Novice: 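First, the structure itself, so that you have it in front of you.
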Amino acid sequence: MTSHVPIPHNPPLVRDPGPARMLRPSTFWTIADPIPSRLSWLLMGLSIGVPLVLWWLLASTGWVRPLFLPSPAQVVGAIGQLWNSGALPKDIQFSLMRILGGFALATVIAIPLGTLMGTFASIRSLLEPIVGIVRYMPATAFIPLLILYFGLGEVPKILLVFIGTLFFNTLMVMDSVKFVPKKMIEATYTLGGNRLQVLFQVIFPYITPGIIDTCRVNMAAAWNLVIVSELVAATEGLGRRISVAQRFLKTDEIFAGLIVIGLIGLAIDILFRMFLRFSCRWAVK
Amino acid sequence: MHLEVKHLYKQFVTRRGPVVALKDINLHVETGEFVCAVGASGSGKSTMLRIVAGLEQPTAGDVLVDGQPVTGPGADRGMVFQSYTLYPWMTVEENIGFGLKLQGAPIADRYEQSRYYMDVVGLLPFAKALPKELSGGMKQRVAIARALASQPKILLMDEPFGALDVQTRESMQGFLLDLWRNTGTTILTITHDVEEAVFLSQRVYVMSARPGTIRRELSIDLPAERDEALRRSSAFQDYRYQILDLLRQTESTAPELTAPPQSA
């Protein structure tokens with residue numbers, strides 16, 4: 001019970017501690033706490049506003065030639081023109097279709113696969129090595145092969161998005177299973193649950209918010225891939241639009257394409273966030 | 001109901017070699033009893049309870065429920081954990097009815113049963129609340145109701161109030177005693193809190209550490225009606241000191257048991 005380790009009477013004096021130093025309060029540099037919402041909105045406004053103003057300044061002062069940097073007004077004009085001509089809606093439609101097709105396919109496979117790999121160490125040992133290797137092969141390096149196999153139609157583009165997102169989705173779904181508390185699984189056993197019930201009625205509901213978030217994050221990769229595939233070979237699509245614009249030195253249309261891609265990406269991101277809030281109220285703080 | 005643990009051994013293999021966690025554990029719990037196993041951390045009491053629940057396998061020895069050997073977890077041995085194990089996406093009502101759902105009970109039965117147990121633990125007004133909206137004490141009540149709703153033969157509790165503050169813990173102990181008297185449930189609890197063990201139990205097993213063994217079995221001959229005043233009585237304090245002394249002795253002997261072999 002009682003240990004008799006002799007304790008020295010005075011600790012060694014390393015340096016004079018001087019007057020007590022205290023952490024100064026700060027609003028802007030607050031760590032791990034929210035900032036006031038007015039400040040937050042202001043900073044978010046600056047985040048969009050400052051680059052926009054800089055862009056406008058650079059373009060309107062003529063420091064940069066209009067061929068390289070069209071003004072915001074020109075780009076908005078180009079968006080309007082492309083929209084009215086019907087080219088832009090068609091491009092958006094084709095790009096979205098390829099993304100959603102490839103991504104949906106990847107997700108439909110990744111969710112069960114990732115859940116099984118996360119749940120059963122046996123399945124993980126069986127599949128993790130091969131998934132780990134293929135994951136490091138850049139999806140874009142598959143383009144030549146895909147064109148060779150499937151030609152220039154929709155199939156290789158959809159498959160590129162599929163290959164590029166499948167493994168990330170799978171591994172991220174697998175990772176989210178790690179956060180299921182072991183005691184929660186054990187409690188289910190003591191309530192009479194079997195393994196199948198644990199999988200479908202405990203693990204799966206628990207990781208649903210994680211799956212939705214995984215989709216949201218990996219959607220950005222899907223956009224990347226579809227644009228690359230269209231740069232290589234396509235007759236329509238936002239990536240195609242940008243490469244055509246480059247050929248005709250229509251910088252304003254390149255910018256238009258980039259901005260539309262950014263806005264659609266943002267919209268999809270927001271939709272996923274809303275879906276998470278709506279479907280998993282329990283997981284939202 | 002008759003729970004019997006016979007010559008139970010548990011050995012873990014660690015990087016530093018085998019460690020004996022439990023050595024020759026013998027205990028029993030009879031119908032309607034409230035029994036506590038009390039011991040310091042490292043006494044293997046948690047491991048013992050997990051083996052009784054079927055969540056871990058013993059190295060040797062048997063756990064028998066009504067003469068039947070335990071080979072895995074099952075609804076006949078309900079368990080309440082120290083940490084909150086409620087399903088965060090289910091309401092209080094759904095949490096409590098989940099055991100019956102797993103066992104394939106019809107919805108009407110589930111509804112009736114979870115209503116009944118919500119009433120028992122005083123949480124009817126919170127039927128539609130999510131676990132994150134409840135306090136720690138309320139969460140443990142839901143966990144207890146969830147375990148009871150499957151109508152287990154015995155309720156196993158692993159430091160059920162360990163995460164609660166002192167006031168909440170004392171009121172939960174009173175609550176648990178009332179529940180035990182009113183429902184006639186058989187309960188086996190493990191705890192490191194000596195006062196909790198004396199206050200709750202009819203019998204106490206005092207465990208010593210490294211390796212975990214049962215040092216003494218004590219009957220707590222206090223009146224069945226127990227209230228806060230009882231905690232101050234001398235009879236209560238006598239039991240408390242008796243157990244504390246036993247725990248202290250086991251601690252002082254512990255180093256000899258775990259001393260590594262001296263190399264020449």
Side-chain angles (χ1 to χ4, degrees), chain A residues 1-6 34 111 115 118-122 173 175-215 272-285, chain B residues 40 46 49-50 52-56 72-91 94-105 129-133 143 146-152 154-158 244-245 247-255:
Chain A
M1 172 71 197
T2 46
S3 55
H4 293 284
V5 180
I111 291 175
T115 310
T119 305
F120 300 105
S122 50
V173 170
D175 257 7
S176 61
V177 181
K178 274 187 202 155
F179 295 102
V180 182
K182 194 182 168 210
K183 299 256 150 124
M184 190 177 285
I185 293 168
E186 291 180 341
T188 312
Y189 289 143
T190 65
L191 289 170
N194 58 35
R195 291 187 182 86
L196 216 58
Q197 289 171 319
V198 165
L199 180 59
F200 283 105
Q201 297 186 48
V202 177
I203 291 176
F204 193 72
Y206 195 95
I207 64 170
T208 301
I211 290 175
I212 295 173
D213 230 35
T214 294
C215 289
F272 268 116
R273 279 176 204 268
M274 279 165 57
F275 179 59
L276 180 65
R277 267 170 196 275
F278 169 76
S279 62
C280 302
R281 215 167 43 86
W282 62 271
V284 182
K285 275 171 202 142
Chain B
S46 204
L49 197 76
R50 290 173 56 80
V52 172
L55 294 169
E56 271 180 54
D76 59 326
R77 283 150 291 132
M79 183 132 168
V80 176
F81 294 82
Q82 174 180 1
S83 57
Y84 309 128
T85 55
L86 301 180
Y87 307 108
W89 61 93
M90 294 185 201
T91 62
E94 289 165 340
N95 262 288
I96 295 176
F98 190 61
L100 293 168
K101 187 181 179 187
L102 292 172
Q103 292 154 44
L130 289 171
K132 68 173 179 180
E133 297 164 305
R146 183 178 66 178
L148 287 179
S150 296
Q151 293 180 310
I154 184 168
L155 186 63
L156 308 173
M157 305 180 97
D158 184 357
L244 281 171
D245 286 343
L247 289 173
R248 218 164 274 146
Q249 285 169 29
T250 65
E251 231 179 288
S252 62
T253 57

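None of the values given here were measured: they were computed from a predicted structure. Proteins come first, then strands; the chains are lettered A, B, ... in the order of their sequence lines, and each starts at number 1.
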Novice: Where does B:Leu100 contact chain A at under 4.5 Å (heavy atoms): side chain, backbone, both or neither?
Specialist: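 Nothing of B:Leu100, per the 4.5 Å heavy-atom cut-off to chain A.
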
Novice: Quick one: pull up CG in B:Leu86 and OG1 in B:Thr91 and give me the separation to the nearest 0.5 Å.
Specialist: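 Result: 11.0 Å between the selected atoms.
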
Novice: Do A:Gln201 and B:Phe98 have side chains that get closer than 4.5 Å, going by heavy atoms?
Specialist: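 In short, these two side chains touch, coming nearer than 4.5 Å.
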
Novice: A:Ser176 versus A:Thr214: any side-chain heavy-atom pair under 4.5 Å?
Specialist: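 They are not in contact (no side-chain heavy atoms under 4.5 Å apart), so the answer is no.
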
Novice: Relative to chain A, which segment of B:Arg146 carries a heavy atom at a distance below 4.5 Å: side chain, backbone, both, or neither?
Specialist: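 The answer is both parts of B:Arg146.
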
Novice: Residue by residue, scan residues 180-188 of chain A and write down, ordered by number, those that have a heavy-atom distance under 4.5 Å to chain B; if none do, write 'none'.
Specialist: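 A:Lys182, A:Lys183, A:Met184, A:Glu186, A:Ala187, A:Thr188, listed by number.
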
Novice: Side chains of B:Pro88 and A:Tyr206: does their closest heavy-atom pair fall under 4.5 Å?
Specialist: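 In contact.
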
Novice: Do A:Leu276 and A:Arg273 come close enough that some side-chain heavy atom pair is under 4.5 Å?
Specialist: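 Heavy-atom side-chain distance check fails, nothing below 4.5 Å.
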
Novice: Could you grab the distance from atom CZ of A:Phe179 to atom CD1 of A:Ile203, nearest 0.5 Å is fine?
Specialist: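 So the CZ of A:Phe179 and the CD1 of A:Ile203 are separated by 14.0 Å.
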
Novice: Tell me, out of B:Arg77, B:Lys101, B:Arg50, who's got the most heavy-atom pairs with chain A below 4.5 Å.
Specialist: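 Most heavy-atom pairs under 4.5 Å with chain A: B:Arg50.
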
Novice: Can you tell if the side chain of B:Asp76 reaches within under 4.5 Å of the side chain of B:Ile154, non-hydrogen atoms only?
Specialist: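 No; the side chains remain at least 4.5 Å from each other.
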
Novice: When you look at CZ of A:Phe120, are more than 12 heavy atoms from neighbouring residues, nucleotides or ligands closer to it than 6.0 Å?
Specialist: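 Yes, CZ of A:Phe120 has more than 12 neighbouring heavy atoms, counting only those of other groups under 6.0 Å.
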
Novice: Between A:Pro205, A:Gly193, A:Ala283, which shows the greatest number of heavy-atom pairs under 4.5 Å with chain B?
Specialist: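 The residue among A:Pro205, A:Gly193, A:Ala283 with the greatest pair count is A:Pro205.
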
Novice: Heavy atoms only, distances under 4.5 angstrom: which of A:Cys280, A:Pro209, A:Gly192 has the most pairs with chain B? Name it, please.
Specialist: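 Heavy-atom pair counts peak at A:Gly192.
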
